[in-house]
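Below, chain A is the first sequence line, B the second, and so on; all start at residue 1.
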2 protein chains.
Amino acid sequence: MSAHSDLTRNQSLVLDRLEKADAPMSAYAILDQLRDDGLRAPLQVYRALEKLLDMGLAHRLESMNAFVACAQPHCHDSGLIAFAICEKCGQVSEFSDDVVRERLNGWADREGFVVKRTTMEIRGECRACAA
Amino acid sequence: MSAHSDLTRNQSLVLDRLEKADAPMSAYAILDQLRDDGLRAPLQVYRALEKLLDMGLAHRLESMNAFVACAQPHCHDSGLIAFAICEKCGQVSEFSDDVVRERLNGWADREGFVVKRTTMEIRGECRACAA
DNA sequence: GACCACTATGTTATGACATTACACAGCCAA
DNA sequence: TTGGCTGTGTAATGTCATAACATAGTGGTC
């Protein structure tokens, strides 16, 4: 499943936990589930998460202060990712749209704005929950 | 400038403060600046902010847990707003793009996802700061 | 092998952001 | 004048995130 060869112990623990979750998890929720594995302080989780974000293996959902594992192995490559978050069941869908990326980059170019990071999050209800 | 006729006292205080700021403010920063006006507890600010968000007079920037006054009187009408946030000077630019809105709505329609709220935030450096 | 730089780790304390719970006051319509 | 609604005030608490400091492994270089 997950070949996290070059990850440290803490990073592996955190990523595994995220991958097994069916909804975004807060750092403290992750911590609670990893007590038995020896983790005790928030910082241990936050440090692991930071690296995972850097490596493109996890995402941070700004609108809910929570984290998810990447849906696809190299989804960070697609440049700009949008998230659709169901507020009922918690499920998160990832997708990317080249046209949207184009438009935002176009605006930035015209304005002389140097983009570092873009977050796009749609809150609502997924098909199943809206039915 | 601001005809906040139908606002309560606390709401007016908070909105005025936001409008005079040249960068996003956290709820606690707002509170600190309104101590002299009689505000003492975070909740007084959060309650005012909630109403202002509802009325479309202010925005919440999810990626920095901060708030800004609307750039234009009725900018919520444009449906979907993107924010470009300069990490150096703190300045925030608001803009909307119909094509982007189209694309996101298209995705949602196809997926059967019922959209409640969308946040789009670009972090980086504005032209002046990037120079 | 001794040294040094770099990265990861563990722990405590603290800071920053947000909400719950409860009590009271004003306003307006039935 | 009663009851519902909205706003307000206050204290306590809950949730999210980082600073500061100490320790330990790893790998390169002389």
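Spacing between atom CD of A:Glu50 and atom P of D:dA19 amounts to 10 Å, rounded to whole angstrom units. To the nearest angstrom, C1' of C:dC17 lies 8 Å from CZ of B:Arg60. As a whole-Å value, the separation of B:Met55 CE from D:dT6 P is 12 Å. The CD1-P distance, from A:Ile30 to D:dC16, rounds to 11 Å in whole Å. The nearest whole Å value for the distance from the CG atom in A:Leu34 to the C1' atom in C:dG10 is 15 Å. If you measure from atom CG of A:Asp6 to atom P of D:dT26, you get 16 Å, rounded to the nearest angstrom. Following rounding to the nearest Å, A:Leu7 (CG) and D:dG25 (C1') show an atom-to-atom distance of 17 Å. Rounded to a whole Å, the CZ atom of B:Arg9 is 17 Å from the C1' atom of D:dT6.
Mapping A:Lys51 and A:Ala41 onto DNA chain C by nearest heavy atom places A:Lys51 at the nucleotide closer to the 5' end. For the pair A:Met64 and B:Pro42, both in contact range of DNA chain D, the more 5′-proximal nearest nucleotide belongs to B:Pro42.
Contact annotation: B:Thr8 reaches the phosphate of D:dT8 (side-chain N/O to OP1 or OP2, under 4.0 Å). For the OP1/OP2 pair of C:dA18 and a distance below 4.0 Å, the side-chain nitrogens and oxygens of A:Asn65 include no atom meeting the criterion. Close to C:dG10, at under 4.0 Å from its OP1 or OP2, lies a side-chain N or O of A:Gln44. For C:dG10, neither phosphate oxygen OP1 nor OP2 lies less than 4.0 angstrom from any side-chain nitrogen or oxygen of A:Arg40.
The aromatic ring of A:Tyr46 is not stacked on the base of D:dT18, since the criterion of ring centres less than 5.5 Å apart with planes inclined by under 30° is not met.
Comparing C:dC17, C:dA8, D:dT18 by their nearest atom to the side chain of A:Leu43 picks out D:dT18. Comparing C:dA8, D:dC16, C:dA18 against the side chain of A:Tyr28 picks out D:dC16 as the nearest. When each of D:dG7, D:dT10, D:dC16 is scored by its nearest atom to the side-chain atoms of B:Arg47, the top-ranked nucleotide is D:dT10. Minimum atom distance to the side chain of B:Phe67 is reached by C:dA18, of the listed C:dA18, D:dC16, D:dT8.
Pairing each heavy atom of A:Leu15 with each of A:Leu57, the nearest pair is CD1-O, 3.9 Å. The nearest pair of heavy atoms linking A:Ala27 to A:Leu49 is CB-CD1, 4.1 Å.
Centroid-to-centroid, the aromatic rings of B:His59 and B:Phe83 come within less than 6.0 Å.
Side-chain contact, A:Ser63 with A:Glu121: a donor N or O sits under 3.5 Å from an acceptor N or O.
Using cut-offs of 30° and 60° on the angle between ring planes, the pair B:Trp107 and B:Phe113 is tilted.
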